[in-house]
2 protein chains.
Amino acid sequence: MSDRSNIKDVSALAGVSVKTVSRVLNGHRYVSQDTRERVEKAMQELEFRPSVAARILAGNKSGQIALIYDNHSPYYMNQVQMGCWEACQASNSRLLAQPVDVGDAMVGEQVRGLVTETHVDGVVLSSPVTDCAPVLKALEGMDIPFVRISPGTNHAMTSSVFMDDAQAADDMTSYLIAQGHRKIGFIRGHSSHMASEERLFGYRRALDRAGLPFEPALVAPGEFDFDSGVAAAHLFLNGPTRPSAIFASNDDMAAGVLSVAHDMGLSVPQDLSVAGFDDTTLARMVWPQLTTIHQPTREMAFAATQLLLQGAQLTHRRLQHDLIERASVAPVNPDLLSSQDLS
Amino acid sequence: MSDRSNIKDVSALAGVSVKTVSRVLNGHRYVSQDTRERVEKAMQELEFRPSVAARILAGNKSGQIALIYDNHSPYYMNQVQMGCWEACQASNSRLLAQPVDVGDAMVGEQVRGLVTETHVDGVVLSSPVTDCAPVLKALEGMDIPFVRISPGTNHAMTSSVFMDDAQAADDMTSYLIAQGHRKIGFIRGHSSHMASEERLFGYRRALDRAGLPFEPALVAPGEFDFDSGVAAAHLFLNGPTRPSAIFASNDDMAAGVLSVAHDMGLSVPQDLSVAGFDDTTLARMVWPQLTTIHQPTREMAFAATQLLLQGAQLTHRRLQHDLIERASVAPVNPDLLSSQDLS
DNA sequence: CTGTTAGCGCTTTCAA
DNA sequence: TTGAAAGCGCTAACAG
């Protein structure tokens, strides 16, 4: 705070009123070219930087938005932060990234506090805060715009950015079919997430289009966690209708399947193909043999932030996913299914 | 901004002056128990939240600090953010996390702008911004306290928190040597991080002490990301001087090496030992076969932030690293090195 | 196109 | 232990 100069200093140096300086600062029209230049020169000379605090207090917008997240995967959050950050850069806004604990009984209050204390103009919610009831309720009661990235529920409630889960699941299923698989186990996602239903639908649609029968025995329940994947893998691999490929609705469950496959001495993908959704790019790194649907996390964050900053009314944007094939998922060799490999 | 209540509303409801409310807000002494309770009740009733902007403008401290970083590894940044965040929580401060590009010619100006615009009370610098001359110069010229996490240069300049990178790399290298390895590939870190040089030094020192030759061909460049690890692994494993162990300067790169090893059908650690620095515990969980130097990143960030918030004068704290051995890294079996395993 | 005058919501003197 | 008044640096009406 050594020698901060203020708008008054600038106006004095430039020989104009403070209001004129303010106009220049905010890019208003109706400032003569000559005046504008004089003011800008003065600002430069004094290294003038407008106080955000003062602008907030005087005006009605802060130029700040908040990103609220509950940190699950570093990679996921990194992508989200970068996406939001880039959009803010482009709009000359500041980003306040605030972690919360969606399990905390006080989350709603925390968010309310954050918003009123900092005067942010809007809020970006990333999963799983997107579906955290206390937070949504707090935000709705505050008359502040917010956008959600991949909301699982209540799509109609706010603007949101998401991907086409049904198509993604369809793509992956079709890919597996093209590899020669005929019995493909599917592990559902958590029932509270809209995406789970969508993915199941996509799976069925692909089977249907390929003329393959839908077998209920090849669908296992799941809750998006590692243990669900383990349970489902046991169900499939020890059951009567043994699939040659297992498609999990997210990467944690796919990890569970891989773990079981490994324990049983099965090689992936020679003995069993495992596919999953990939939130983070991490899964791909960790398990190169995993073929995944890559979710465009960063792009979604960017788009969501853009939507918020542009003040778009209730807009929904669907972004494209990618199917990322890492290892060649070998066509099924039924003989191999029973052999006990080394590895 | 629907119905924000202000300090005046509170004072009216509580039947006291605004100054008294302010006193309660700031935890001043000299407020009678009775008055304090009345005020607190009024605040609660009105869901009062003090405007940060107003407090900044009126007072001389903002209750905000900035964390400035240049995002190289998501894991690393996640840990840094969490550490800073926790320290802020404890001190009731707000954290502004701001990415910058240390290569940008304007980075100094950007930081200067950030500081004066937001009125932050202090700044935490994480590597490699810790050693970014334009930023350091800008900060020094502003009379604002700042603390550095793992600075590579000018230790005496500011308070800092760091670990002994050379010793850590030395420890790991010595460990690998003790396991019987004689050819140990080393993957350097990003050149903008001073720690990279330290680690290379530690690697060389350990070799030297053990009487092993330093072979330039066993040092690969790296940029702290997954792809660097992949590239380096290819370089080593397909090159003429094939090492029996690869030591990566961070965990993202170690992951890349593991991925390649897997693709090539090599078992770790039977065919190839892989070691790395580790910002989180995640890498260790995912790859139990990985031996790592655990960097107390989060702890360093926490300590640095604490130092800043407590206004400690020129303090340096060195935190201890740990060598975490996960799987028994089998002594080298040269025969295995050329065999192409199934797996 | 430009200037004047009130505040925004708080903290800080200075009194009581 | 409490209160009254004067700003902090800016923007928002209103004038000119």
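Chain letters run A, B, ... following the sequence lines, proteins first, then strands; residues in each count from 1.
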* To do: Tell me what A:Arg36 touches on the nucleic acid: a base, only sugar-phosphate, or nothing, going by heavy atoms under 4.0 Å.
  => nothing

* Quick one: the side chain of A:Arg4 and the base of D:dG9, do they pair up donor-acceptor inside 3.5 Å? -> no

* **Under 3.5 Å donor-acceptor pair, B:Arg23 side-chain atoms to D:dG3 base atoms** => yes

* B:Arg49/A:Glu109 salt bridge by N-O under 4.0 Å criterion -> yes

* Could you tell me whether B:Glu47 and B:Arg4 make a salt bridge, using a distance below 4.0 angstrom between a side-chain N and a carboxylate O? => no

* Look at B:Asn60 and D:dC8 and indicate whether a side-chain polar atom (N or O) is within less than 4.0 Å of OP1 or OP2. => no

* Asked: Quick one: is C:dT2 close enough that its OP1 or OP2 comes under 4.0 Å of any side-chain N or O from A:Thr20?
  -> no

Identify the heavy atoms of [X] and [Y] that sit nearest to each other, and give their distance.
| X | Y | result |
| --- | --- | --- |
| A:Val107 | A:Val102 | CG2-O, 3.9 Å |
| B:Trp85 | B:Leu95 | N-CD2, 4.0 Å |
| B:Phe224 | B:Gly189 | CE2-CA, 3.4 Å |

Expressed in angstrom and rounded to an integer, what is the separation of [X] atom [atom1] from [N] atom [atom2]?
| X | N | atom1 | atom2 | answer |
| --- | --- | --- | --- | --- |
| B:Ile7 | D:dT2 | CD1 | P | 15 Å |
| A:Glu37 | C:dT2 | CD | P | 12 Å |
| B:Leu57 | D:dG7 | CG | P | 14 Å |
| A:Phe48 | D:dG9 | CZ | C1' | 8 Å |
| B:Ile56 | C:dT12 | CD1 | C1' | 16 Å |
| B:Asn6 | C:dT11 | CG | P | 12 Å |
| B:Lys19 | C:dA15 | NZ | C1' | 13 Å |
| B:Lys8 | D:dA4 | NZ | P | 11 Å |

* Asked: Pick the nucleotide of DNA chain D nearest each of B:Val31 and A:Val21; which residue has the one closer to the 5' end?
  -> B:Val31

Looking only at side-chain atoms of [X], point me to the closest of [options].
| X | options | answer |
| --- | --- | --- |
| A:Thr35 | C:dT2, D:dT11, C:dC10 | C:dT2 |
| B:Ser51 | C:dC10, D:dT2, D:dA12 | C:dC10 |
| B:Arg55 | D:dC10, C:dC10, C:dT2 | C:dC10 |
| B:Ser17 | D:dT11, C:dT11, D:dA4 | D:dA4 |

* Which sits closer to the 5' end of DNA chain C, A:Ala58 or A:Gln33, going by the nucleotide each is nearest to? -> A:Gln33

